[in-house]
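Data block below; observations after.
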Amino acid sequence: MILIFFLFSGISDFDFLRINPSARCGVFGSGAGVLDEFFNSNASKIVFKKGFGATISQGSYFEGITDTSFDLYYSKKFGIGVSYRSFGITDTEVDFDGNIKGDITNKSGYLATDFAYRIKNTSFSFGFKTITSNINSSRASFEAGGLLFDLGSFYMRDITTFGFAVRNIGSANGSVNISGNTSSVNITPPLEFDISGSFNIRDVLFGYSAVFFESSYRLAAGVEIPVKFLFLRLGADYQKLLYPVSGFGVYYRNLRFDYQFKMLEFTSYSIFSLSFHFIP
Amino acid sequence: MIFTILFAAKIVINEVAPRDSPDWIEFYVNEDGDYGGYRVYEASNTLIKTFPSPFNLKKGDFVILVFNSNSPDDIQNKILYTSDSGLTATDNIISILDPSGSWIDAVGFSNRDGDMSATSGGYYNNMKQNNMWKEGPASFINGTNDAEVENSLVDWSKGSSGKSISRKLAGYDTDSVSDWIFGAQTKGLAVFYFADTPRTAPNPFIIGKDSYVKFLVNDPDALSSNFYKLRIFTISGILVNEISGSGIWDGKDFSGNYVPSGTYIYLIETSSRRLKGKLTVINPSQ
């Protein structure tokens, strides 16, 4: 199956999909769906947790880049959720001589709907998302859209969990306008295959993940240590270089606040998440 | 807002290749204007070339002066020719003067053998008198301060075919040896371009329409080392390409394929600094 992914090259302006919007999940690696409570990241996990839930996340990456997402779900044995994400970039338009001509706006995002169903210790999920991307400047513009699908499965027993997901299956297309001349473009969605798992020893959670995409991969591992109402997290992502990740979570009744801080080669980024879970 | 070039003459000598066949000099234009009648000299006050008139140039243009050729000047492509056989490739001073005879820019290089060429030494004195060079003694006295003068000029001791001396930042001029590096030729291209605010130009970079994107940086001190590398990442942190020896990018990834449309992050690393920023690519096919 992995061979399928190696056929793809190019990542398009949908690269933001490779950044997990959840502050908790990111500490264990972008593919750590087994640890995620962001429904769109791994719907198949949430069906082990009954009730209503909502998460809002705000990411702050490189200068001029913002990431906002909202996730709402209901789960029992069957789960359904809706997720919205907006990823915005502001850049400076410059002519060949270095003169500033204005702003470039790059807005991407999606609206996703996911479903999941649990049979004993195993669950299965399916989701689809409509995704759009627009780049606008006075010299040229780019716009793209598509329908992408996610598939996932999750297994939980005692202290061990294991899951996998195939993300961003599908196609997209778009157009480029350069000085009034429009041409159609082929978009390659950032298809990826995620494997992740966790185990719990004396309330300390150990998580790991592997993400395969194109002809590359990303590995990650992390640990979550409870200290009263606080959860301290520490992890690392490996993708040719080792990137440390840290964070914490604070639980209060039905509310949870999560924070993640990650170092990349060219920048650091932080994500805040506020989650609410309610059992009727 | 227009970015400003600091410390720069309106046209500067940008790169010199004294051991090629033929030799050549590259000039970089910092201001739009008519450069007809500008004159280029080398050691012993030898006139090499008078620019054709009119000769309208724009900021960012490169002009290449090629030696040992009777070809007519190619004004459209900004390639000029001179029948002069070639540059003195040991110790030399090269200058450009405007039509009134005012010095605009100059550079000196030496083979650092401890024996400064007497004719070049004389022209070194002219360069100093016209405040075109900060380093070195006020005047050259043959047989007395040869080594001191040679060591104040750009090091050409390892000069050979395929090598040149060039400015670290195109157009950046402090009349100092520190503006210059010795290395592989980059004729018609800059290592890095200087601007008061770091950015890339053009942005967005349109594949198929723009041949390359150049990187404008604001910290020449950060580029005082020959060691640097330029890396391009996707937003999610995937390394797309790594470039060394050049401050331009043609929009291709490691495999030689043009990258898809999107926003990318660049990281310029020197021995002392990391400069970073965003750039946008529009690819008409993906």
Side-chain angles (χ1 to χ4, degrees), chain A residues 9-19 30 61-65 87 89-101 104 106 108 133 135 137 139-142 144 174 176-179 181 183-188 190 213-214 216 218 237 239-241 243 262 264-267 269, chain B residues 1-5 29 32 58-61 171 193-197 199-214 216 231-240 253 255 257-267 269 274 276-286:
Chain A
S9 63
I11 44 181
S12 80
D13 200 37
F14 297 160
D15 184 59
F16 76 98
L17 292 172
R18 291 191 172 139
I19 301 172
S30 301
Y61 310 119
F62 199 76
E63 180 185 338
I65 300 176
F87 196 90
I89 303 171
T90 303
D91 201 0
T92 304
E93 182 167 357
V94 181
D95 69 14
F96 192 80
D97 292 331
N99 303 315
I100 292 177
K101 309 300 284 185
I104 302 169
N106 183 348
S108 304
S133 175
I135 303 173
S137 72
R139 288 184 76 209
S141 62
F142 164 91
V176 165
N177 185 306
I178 301 171
S179 305
N181 298 317
S183 60
S184 60
V185 297
N186 296 315
I187 307 298
T188 304
F213 53 92
E214 295 168 16
S216 190
R218 184 167 59 233
D237 256 12
Q239 186 180 308
K240 294 186 180 176
L241 295 168
Y243 298 127
K262 183 174 182 178
L264 284 178
E265 181 68 2
F266 55 84
T267 188
Y269 68 74
Chain B
M1 180 179 165
I2 295 174
F3 85 89
T4 53
I5 300 287
V29 179
D32 295 1
K58 290 184 176 180
K59 182 176 64 180
D61 282 347
Y193 296 75
F194 188 79
D196 55 352
T197 306
R199 63 185 73 119
T200 59
N203 194 31
F205 169 47
I206 303 173
I207 289 170
K209 185 169 186 178
D210 305 319
S211 50
Y212 59 88
V213 59
K214 54 191 179 184
L216 310 176
R231 289 192 282 174
I232 315 288
F233 295 88
T234 69
I235 290 294
S236 71
I238 297 170
L239 182 62
V240 172
D253 62 15
S255 304
N257 301 314
Y258 285 113
V259 300
S261 301
T263 302
Y264 295 82
I265 306 291
Y266 66 86
L267 180 64
E269 290 177 274
R274 289 157 67 92
K276 57 193 178 184
K278 298 189 294 286
L279 75 148
T280 303
V281 174
I282 302 282
N283 185 331
S285 63
Q286 55 178 323

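Values reported hereafter were calculated over all heavy atoms of this structure, with side chains retained and with hydrogens, waters and symmetry mates removed. Here is the naming used below: chain letters follow the sequence lines, and residue numbers restart at 1 for every chain.
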At a 4.5 Å cut-off on heavy atoms, which part of [X] comes close to chain B: side chain, backbone, both, or neither?
X	answer
A:V176	side chain
A:Y61	neither
A:S179	side chain
A:S137	side chain

Heavy-atom proximity to chain A below 4.5 Å, by part of [X]:
X	value
B:S255	neither
B:D210	side chain
B:I235	both
B:S285	backbone
B:K214	side chain

Donor-acceptor contact below 3.5 Å, side chain B:T280 vs main chain B:N203: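 Here the side-chain-to-backbone pair does not exist.
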
Within a strict 4.5 Å, meaning less than it, do heavy atoms of the [X] and [Y] side chains meet?
X	Y	result
B:N283	B:V259	no
A:S133	A:N106	yes
A:I89	B:K278	yes

Contact leader toward chain B among A:D95, A:I104, A:N181, where contacts are heavy-atom pairs under 4.5 Å: A:I104

Pairs of heavy atoms under 4.5 Å with chain B: top-ranked of A:I178, A:L17, A:N177: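 Result: the option with the highest number of such pairs is A:I178.
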
Nearest-0.5 Å distance, CG of residue A:D91 to OH of residue B:Y264: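 Output value for this atom pair is 13.0 Å.
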
Reported CG-to-CZ distance for the pair A:D15 and A:F213, which is rounded to 0.5 angstrom: 9.0 Å

Ring centre gap for B:Y258 and B:F205 strictly below 6.0 Å: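 No.
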
Steps toward salt bridge (charged side-chain N to carboxylate O under 4.0 Å, His left out) verdict (A:R139, A:E93): CA-CA 9 Å; A:R139 288 184 76 209; A:E93 182 167 357; 5.5 Å; no

Contact winner vs chain A - B:L267, B:I206, B:V281, heavy-atom pairs under 4.5 Å: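 Ranked by contacts with chain A, first place is B:I206.
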
